[in-house]
Trainee: 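Sharing a structure here in structure tokens format.
Start at 1 and go down the list; that is how both ligands and their atoms are numbered.
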Amino acid sequence: MSLIKRTFATFNKYMTNFENLGLSQDLLKAVQQMGFESPSEVQQQAIPVLLQEETDLVALAQTGTGKTAAFGFPLIQQIDLGKKKTQGLILSPTRELCLQITNEIEKYSQFIGGIKTVAIYGGASISEQERQINRGAHIIVATPGRMKDMISRKMIDITEIDVCVLDEADEMLNMGFYEDILDILKNTPKDRKTWLFSATMPKEVAQIAKDFMNNPQEITVGRKNVSTKNVSHEYFLVGGRDRYPALKRLVDVNPDIYAAVFCRTKRDTQKEAEKLIEDGYNAAALHGDLSQQQRDLVMKSFRNKQVQMLVATDVAARGIDVDDITHVINYQLPDEIETYTHRSGRTGRAGKTGKSLVIVTKSELRKIKQIEKIIGQKFVEEQLPTGDEICKKQLFYLAEKIATTDTSKDINPFLPQLEEQLSDLTKEGLIKKFFSVEFDRFNSYYKKQNELNTPSATSKDFEGKGGADYGNENRFFINLGRKDGLDWMQLKDFLKEALDFGRDEVGKVDVMDTFSFFNVDKSKTDVVLSILNNLELNGRSVSVEITEKKSKGGKRNRGRGGKRDRGGNNFNKSGKTHRKGKSSNFNSNKNNSKSKSLSRRRAKNSK
Ligand code: ADP
Ligand code: MG
């Protein structure tokens, strides 16, 4: 028995059996065949009602709670095989889900000869789907768009259906299928039954229930709009530009991770996935700019675990129905906080536990509070793992893997030569060398990185923490800022290009109005100073110098705090001395040496 099924069984051991629900022998046989021990809560509640009563139904239950069988069994049981006409229609938001449901229905009905289920969805040949329909379809599982299309082309007749199931109704409405659903329902008989299944009950779903359903009974499993108890929610507070390194840490400290990583836009999704791939992770992007074929390929690789991290937009991820996702990573929080529930519902499925991690900046913290209200659960603020912790974790993960690896016989012929080659090494020496290979990969990266955790939200704005220590890096001041039309990304690009540096060699870029800071490894100090101080940007000579280590009691130069920004405003474009409130009087003329001494003052003042 699979782990999922075992967990289901334990969860449900005090509850009813499938035998008591009123299911036919053929369905019970399938239940047994699939290894379902006992019905889940939504199945227990929905199945008897749908079998015995002619009623509409609204059922709310989290993702992964077995809703497909909750409507699938009763629907199958009421199909009249004597009739060739389509009797049941299931609408679902995505092609993925559509195929999954079809597959499930086929499994459920495997012992009932002659039931025909057809999947209808966009992005595939419509005439082939029409042919399948013509061969007979007792049950049609469809996405709303293609369904509507085929109805209007008279390829499908649903005028005699008994039941219409709206599965994942909240997601369908999220995706803007309201009008399509409306049109489809117009082509069904007035006295059809409507069964609506949804994880959440936003007001649009309530509206559908009101407009298109006839006195529906309501079943709610767990609290409304609450994500699964099996999911724990954690957040990590970082500076705006530390998202990616933070993600790397979260992944590196979980060598076995199998994750869905959510970004807000298609562009970010593609970009972050590319970074991960470049850095050697098994990652792939899933978003709407990919062709259907590309998306299928990505999903296939993710399902069979060739891809360990699926970086996705919310829309593209709708309908991802993979059971063993260990972590959902909110690389950015969604614009609509309700969407968080959908994201976190991708893990902790079918009785397993999972984690939903949020990488968050200080300004987004209030969103965390709002989400807590929706999910009815508290977030735990966690610290990102340190470089040392990660290296240790990776090392012992490798050791564990080696200890549990089955040795291969095929290696035997090579052993004498290998032994010969390594004969000078003691066991200790061998272990050291062997592990160094893996250890160095992480160690050399993390040695160069500063630790990323920003102080917890309650600590007052980084104050009174003493001077910042940038380890092997120097922090540089540069007299370019927002007024030169630069944001941090553009400045970073400018620096990388000028210095001919790689992506990770310029870090912690903080852009103020008229000046900025950045970090570079100490060993490159001469290069930085000599090259940059000989540059001009828009006719202005660039001036760069090392900032001094901050004195005690100064503010730390981390994050892009509003305070420092305002501080920056007090200086005007390469002005003379600074006096508060008078900055607008200074003009932008200077010679290089003067500007340097001024800049130093600025750098200090800004702390
Ligand atoms: P939902 O639609 O609520 O997200 P699914 O219907 O997709 O959930 O079911 C999630 C997983 O649980 C599927 O793999 C399904 O086969 C399995 N499952 C459903 N019901 C049971 C049960 N009673 N016992 C064991 N596994 C089940
Ligand atoms: Mg479902």
Side-chain angles (χ1 to χ4, degrees), residues 1-21 23 27-28 30-48 57-76 90-110 119 141-143 165-172 174 195-201 205 219-222 226-231 260 303 317-325 328 341-352 354:
M1 189 170 28
S2 79
L3 185 64
I4 311 174
K5 285 161 189 163
R6 239 185 350 246
T7 328
F8 250 95
T10 351
F11 262 70
N12 296 323
K13 75 178 163 209
Y14 303 109
M15 302 177 184
T16 347
N17 304 321
F18 273 108
E19 284 75 13
N20 307 334
L21 298 178
L23 295 173
L27 283 173
L28 288 176
V31 163
Q32 206 180 15
Q33 224 274 321
M34 291 182 294
F36 294 2
E37 294 245 306
S38 45
S40 70
E41 209 179 326
V42 67
Q43 291 163 0
Q44 273 178 65
Q45 292 196 42
I47 293 172
L57 177 81
V58 171
L60 300 179
Q62 265 309 306
T63 327
T65 50
K67 292 192 286 296
T68 319
F71 61 74
F73 290 155
L75 178 60
I76 292 168
I90 301 167
L91 291 177
S92 95
T94 64
R95 163 193 166 121
E96 267 276 312
L97 271 182
C98 191
L99 289 168
Q100 244 163 46
I101 296 169
T102 310
N103 194 22
E104 288 274 309
I105 299 279
E106 277 165 0
K107 276 198 270 175
Y108 305 160
S109 55
Q110 59 186 301
V141 189
T143 54
V165 180
L166 304 174
D167 190 27
E168 310 262 359
D170 50 354
E171 304 229 9
M172 282 201 286
N174 262 339
W195 303 344
L196 182 153
F197 285 75
S198 186
T200 60
M201 183 74 162
V205 173
I219 290 175
T220 306
V221 172
V226 166
S227 55
T228 36
K229 287 192 224 75
N230 302 342
V231 179
R303 261 179 219 297
R318 296 240 156 88
I320 292 181
D321 198 357
V322 179
D323 277 342
D324 332 319
I325 291 176
V328 164
T341 329
H342 295 300
R343 291 183 174 185
S344 60
R346 305 289 168 212
T347 183
R349 295 167 68 84
K352 291 188 173 182

Trainee: Would you mind running through ligand 1 and noting each atom that sits below 4.0 Å from a heavy atom of T68?
Mentor: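 Numbered from 1, ligand 1 contributes 2 (O), 5 (P), 6 (O), 7 (O).
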
Trainee: How far does CD1 of I90 sit from CG of L166, to the nearest 0.5 angstrom?
Mentor: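 Result: 10.5 Å between the selected atoms.
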
Trainee: May I ask you to decide if V42's main-chain N or O and Q45's side chain share a donor-acceptor pair within less than 3.5 Å?
Mentor: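 Such a contact is absent between Q45 side chain and V42 backbone.
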
Trainee: Purely on distance, is any nitrogen or oxygen of S38 under 3.5 Å from one on ligand 1?
Mentor: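 Right, the criterion is met.
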
Trainee: So which bit of V42 gets within less than 4.0 Å of ligand 1, heavy atoms only: side chain, backbone, both or neither?
Mentor: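 Neither part.
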
Trainee: Donor-acceptor pair, S198 side chain versus M201 backbone, under 3.5 Å?
Mentor: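 Flag not set: sc S198 to bb M201 has no pair under 3.5 Å.
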
Trainee: Which of these passes side-chain contact (heavy atoms from CB on, under 4.5 Å) with T200: L60, D170, V205?
Mentor: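 Between T200 and the candidates, side-chain contact (heavy atoms from CB on, under 4.5 Å) is satisfied uniquely by D170.
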
Trainee: Where the side chain of K67 meets the backbone of Q62, is there a donor-acceptor pair that is under 3.5 Å apart?
Mentor: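 Checked: pair present.
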
Trainee: Within less than 4.0 angstrom of ligand 1, does A70 place any heavy atom?
Mentor: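 No; A70 lies far enough from ligand 1 that no heavy-atom distance drops under 4.0 Å.
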
Trainee: Any N/O of E37 closer than 3.5 Å to an N/O of ligand 1?
Mentor: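 E37 vs ligand 1: no N/O contact under 3.5 Å.
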
Trainee: With a 4.0 Å cut-off on heavy atoms, is F197 in contact with ligand 1?
Mentor: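 Judged by the 4.0 Å heavy-atom criterion, F197 does not count as contacting ligand 1.
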
Trainee: Which of the atoms in ligand 1, numbered in the order shown and given with their element, are less than 4.0 Å from a heavy-atom of S40?
Mentor: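 Going through ligand 1 atom by atom, the ones under 4.0 Å from S40 are 23 (N).
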
Trainee: Considering only heavy atoms, which of Q44, E104, Q62, Q43 lies nearest to atom 20 (N) of ligand 1?
Mentor: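 Among Q44, E104, Q62, Q43, the closest heavy atom to atom 20 (N) of ligand 1 comes from Q43.
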
Trainee: With a 3.5 Å cut-off and no angle check, do the side chains of S38 and N17 form a donor-acceptor pair?
Mentor: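 Their side chains do not contain a donor-acceptor pair, so the 3.5 Å distance test is not met.
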
Trainee: Between Y108 (side chain only) and A30 (backbone N and O only), is there a donor and an acceptor less than 3.5 Å apart?
Mentor: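 Not a single qualifying donor-acceptor pair exists.
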
Trainee: With heavy atoms of F18 as the reference, note each atom of ligand 1 found under 4.0 Å away.
Mentor: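 Near F18, the atoms of ligand 1 are 23 (N).
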
Trainee: Does S40 offer a backbone N or O that forms a donor-acceptor pair with the side chain of Q43 under 3.5 Å?
Mentor: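 At least one qualifying donor-acceptor pair exists.
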
Trainee: Taking distance alone, with N or O pairs closer than 3.5 Å, would you say G66 contacts ligand 1?
Mentor: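 Yes, since at least one N or O of G66 sits under 3.5 Å from an N or O of ligand 1.
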
Trainee: Pairs of nitrogen or oxygen atoms closer than 3.5 Å, one from T65 and one from ligand 1: do any exist?
Mentor: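 There is such a contact, yes.
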
